[in-house]
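Shown next, in structure tokens, is the structure this report addresses.
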There are 2 protein chains.
Amino acid sequence: MTRSTVTALRHDPVCDGTTGGVGPATPAESQGPCGQCDLGTLAFCDGFAARTISSLSRVQCTLRFEPHDTLFREGDQGLAVYSVVSGAVKVYKLMPDGRRQITGFFFRGDMFGFCLDGTYAYTAEAITPVGVCRLPMQRLGELAETAPEIQYRIVLRMTAKLAQFHDHVLLLGRKTARERVATFLLTLSDRARRRGDPPSPLSLPMGRADIADHIGLTVETVSRAMTWFKREGLLDLPSPSQVAIRQPEALRAIADGAG
Amino acid sequence: MTRSTVTALRHDPVCDGTTGGVGPATPAESQGPCGQCDLGTLAFCDGFAARTISSLSRVQCTLRFEPHDTLFREGDQGLAVYSVVSGAVKVYKLMPDGRRQITGFFFRGDMFGFCLDGTYAYTAEAITPVGVCRLPMQRLGELAETAPEIQYRIVLRMTAKLAQFHDHVLLLGRKTARERVATFLLTLSDRARRRGDPPSPLSLPMGRADIADHIGLTVETVSRAMTWFKREGLLDLPSPSQVAIRQPEALRAIADGAG
DNA sequence: GCCGTCTCTTGATCTGGATCAACGTATATC
DNA sequence: GATATACGTTGATCCAGATCAAGAGACGGC
């Protein structure tokens, strides 16, 4: 049996227009399509017709959470999907004895909370201070009828997520500890690049325990792998949460099974 | 490093209306909505408006494959999605050194082949003789504009698949060998029940190597787990491919971590 | 500045499942 | 019915990564 660390949590804000709204983007940031966030082309609604965007912005709701806040729990009524505006969110499932599997990390521009049969299959928790755009699922369904582009966008997002899952299942089912850590770092780096952030140095908002519970290892093994890579000159670790990738190609070779 | 068994394959039929069509359902079986298959309520197109169904049946194409036939390979142009009419399909990713991860099994009524950016992220191979309904993705996209119900149905299918992935990631990341095998058997049983087949006895169309490569174990460990369960009176194994679940609740307890 | 708490790292030891090695068992061929 | 070829089971041994244990930083509270 594998150990897995579970941490505490609390608090369940409501979307009522008065609690926790982040309000409009700060002046310094570029305005998003609907004027409610600064995601630019990363926004779910980017590129939609003006009419569609205004419909979305009428049902949308912007919220802020603090680290360890729970956005929703496994088994809760699945009422909304979320788009991350800022910060980082983790999503996990628990076993009765406390073993935990983090099934995903979500950053600026990522969406999560798609669910079937009305209940969430996992718990979502803020890692850092987080701003999210919340879209009520039911009203989204109604909008989808008049604006099929919304549903198509959802299909695209879900397809991308499915592809990620295939990769992650390969990682968990068949990769060694070194390969898992290398893959994890490269995946974060690649996602940073795609969202317009520098792919290195990488900042890890999650702790070693979160990484371990995501890639099916223990804290100790994750830590050791990082140290190996550092000693081998593949990484610099100015601090535990800062990773500079020195030799991306070598790390890629390891991640793909040639290390 | 984990061993994983790769088997051979070959053959790539084309959808040209003359090759491999299964033709209409046999007289004994209930006709499906579009008249091209006998999936009944399991069919993707079940419940659609007559107009939508006839549009679908014009772009649809029915195909048959033999065991070990490859439907498509990782990296191929992703031109179509597939719905299984009969038989079983496995979907997998390979690592350069031959390690293999089976990311899913698909049975009667299941759909697979959703892909992004035009290339499949995995290889699909027939386990048994297989009949599939093939829907060209591009034309599906065109249809979706006039019939949003198609896209909604796709969202439903993908949401269900995402939920399955969350469960499978938990299995691979945090469950013991016993728990994995118990979970696997119960999942197959549950899927059989949902599609209207008896949940027990269960017939396993895939071999032990396929099971192992799906749940991140070796053939030997899968075999041992089956033997343990048999000795403990949880299962009957009249033959390697036949599993009667004697004590579903006890097996469930094991699967959930209480065994 | 000092203390408590938490996270990360490093070392020593243990173990679940992988690996290695036969040996059954079933279907196919001739 | 003998032989070949998979596939599945069982046993013995090994090892990658878990577990156990102890420091080393980092950081907030007062």
Side-chain angles (χ1 to χ4, degrees), chain A residues 1-9 66-68 97-101 127-128 171-182 203-213 215-231 235 237-243 254 257 259, chain B residues 1-9 67-68 97-101 127-128 171-182 184 203-213 215-231 235 237-243 254 257 259:
Chain A
M1 172 140 356
T2 299
R3 192 179 54 182
S4 99
T5 313
V6 186
T7 50
L9 32 81
E66 292 306 311
H68 304 298
D97 63 3
R99 275 175 284 171
R100 183 180 67 154
Q101 177 65 38
I127 295 175
T128 62
L171 178 150
L172 290 171
R174 290 297 176 220
K175 290 191 179 182
T176 65
R178 277 172 70 85
E179 290 164 1
R180 292 180 196 210
V181 174
S203 83
L204 304 178
M206 71 294 286
R208 297 292 186 265
D210 283 350
I211 297 175
D213 281 350
I215 62 180
L217 299 173
T218 56
V219 178
E220 294 92 329
T221 303
V222 171
S223 181
R224 279 186 246 271
M226 296 282 220
T227 307
W228 297 333
F229 293 150
K230 180 182 175 176
R231 294 221 177 105
L235 302 177
L237 295 167
S239 85
S241 67
Q242 290 291 318
V243 180
I254 292 170
Chain B
M1 172 139 0
T2 298
R3 192 180 55 183
S4 101
T5 312
V6 187
T7 49
L9 32 82
H68 305 298
D97 62 4
R99 274 175 284 171
R100 183 181 69 154
Q101 176 65 37
I127 295 175
T128 63
L171 179 150
L172 291 171
R174 289 297 177 220
K175 289 192 179 182
T176 65
R178 276 173 70 85
E179 290 164 0
R180 291 180 196 210
V181 174
F184 174 72
S203 84
L204 303 179
M206 69 295 288
R208 298 291 186 266
D210 283 350
I211 298 175
D213 282 349
I215 62 181
L217 297 173
T218 56
V219 178
E220 293 94 328
T221 303
V222 170
S223 181
R224 279 186 245 271
M226 297 281 221
T227 308
W228 297 333
F229 293 151
K230 180 181 176 176
R231 295 222 176 105
L235 303 177
L237 296 167
S239 85
S241 67
Q242 291 291 318
V243 180
I254 291 170

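Chain letters run A, B, ... following the sequence lines, proteins first and then strands; every chain starts at 1. Source: prediction; values computed, not measured.
- Taking 4.5 Å as the limit, some side-chain heavy atom of Thr218(B) sits within range of a side-chain heavy atom of Thr221(B).
- In this structure the side chain of Arg99(B) reaches within 4.5 angstrom of the side chain of Thr176(A), judged on heavy atoms.
- Among residues two or more places apart in sequence or in another chain, the side chain to side chain donor-acceptor pair (under 3.5 Å) test is passed with Ser223(B) by none.
- Atom-to-atom, NZ of Lys230(B) to P of dG8(D) comes out at 14 Å; the value is rounded to the nearest Å.
- Considering only side-chain atoms of Pro240(A), the nucleotide from dA18(D), dG17(C), dC8(C) that sits closest is dC8(C).
- Expressed to the nearest 0.5 Å, how far CG of Leu217(A) lies from CD1 of Ile215(A) amounts to 4.5 Å.
- The CG atom of Asp213(B) sits 14 Å away from the C1' atom of dC7(D) (whole-angstrom rounding).
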Where do N or O atoms of nucleotides 10-15 of chain D meet protein N or O atoms at under 3.5 Å, pair by pair?
{"unit_1": "dT10(D)", "atom_1": "OP2", "unit_2": "Thr227(B)", "atom_2": "OG1", "d": "2.7"}
{"unit_1": "dG11(D)", "atom_1": "N7", "unit_2": "Arg224(B)", "atom_2": "NH1", "d": "2.8"}
{"unit_1": "dG11(D)", "atom_1": "O6", "unit_2": "Arg224(B)", "atom_2": "NH2", "d": "3.2"}
{"unit_1": "dA12(D)", "atom_1": "N6", "unit_2": "Arg224(B)", "atom_2": "NH2", "d": "3.4"}

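- Put simply, the side chain of Thr227(B) does not reach to within 4.5 Å of the side chain of Arg224(B), judged on heavy atoms.
- Rounded to a whole Å, the CG atom of Leu217(B) is 11 Å from the P atom of dT19(C).
- Base pairing in DNA chain D gives the following stems of 3 or more Watson-Crick or G-U pairs, range against range and under 3.5 Å: C:1-30 with D:1-30.
- Inter-residue side-chain proximity for Gln101(A) and Leu172(A) is flagged as met; some heavy-atom pair is nearer than 4.5 Å.
- One can place CE of Met206(B) at 15 Å from P of dC7(D), the figure rounded to the nearest angstrom.
- Counting heavy atoms from C-beta on, the side chains of Phe229(A) and Ile254(A) come closer than 4.5 Å.
- Two residues, Arg208(A) and Arg180(B), neighbour DNA chain C, and the one matched to the more 5' nucleotide by heavy-atom proximity is Arg208(A).
- Distance, Arg174(A) CZ to dG17(D) P: 13 Å, rounded to whole Å.
- The separation between Ile215(A) atom CD1 and dA16(D) atom C1' is 14 Å, rounded to whole Å.
- Using a 4.0 Å cut-off between a side-chain N of Lys or Arg and a carboxylate O of Asp or Glu, Arg174(A) and Asp213(B) qualify as a salt bridge.
- Contact check for Met226(B) versus Leu204(B): side-chain heavy atoms found under the 4.5 Å cut-off.
- The separation between Leu237(A) atom CG and dT10(C) atom C1' is 15 Å, rounded to whole Å.
- Rounded to whole angstrom, the span from the CH2 atom of Trp228(B) across to the C1' atom of dG16(C) amounts to 9 Å.
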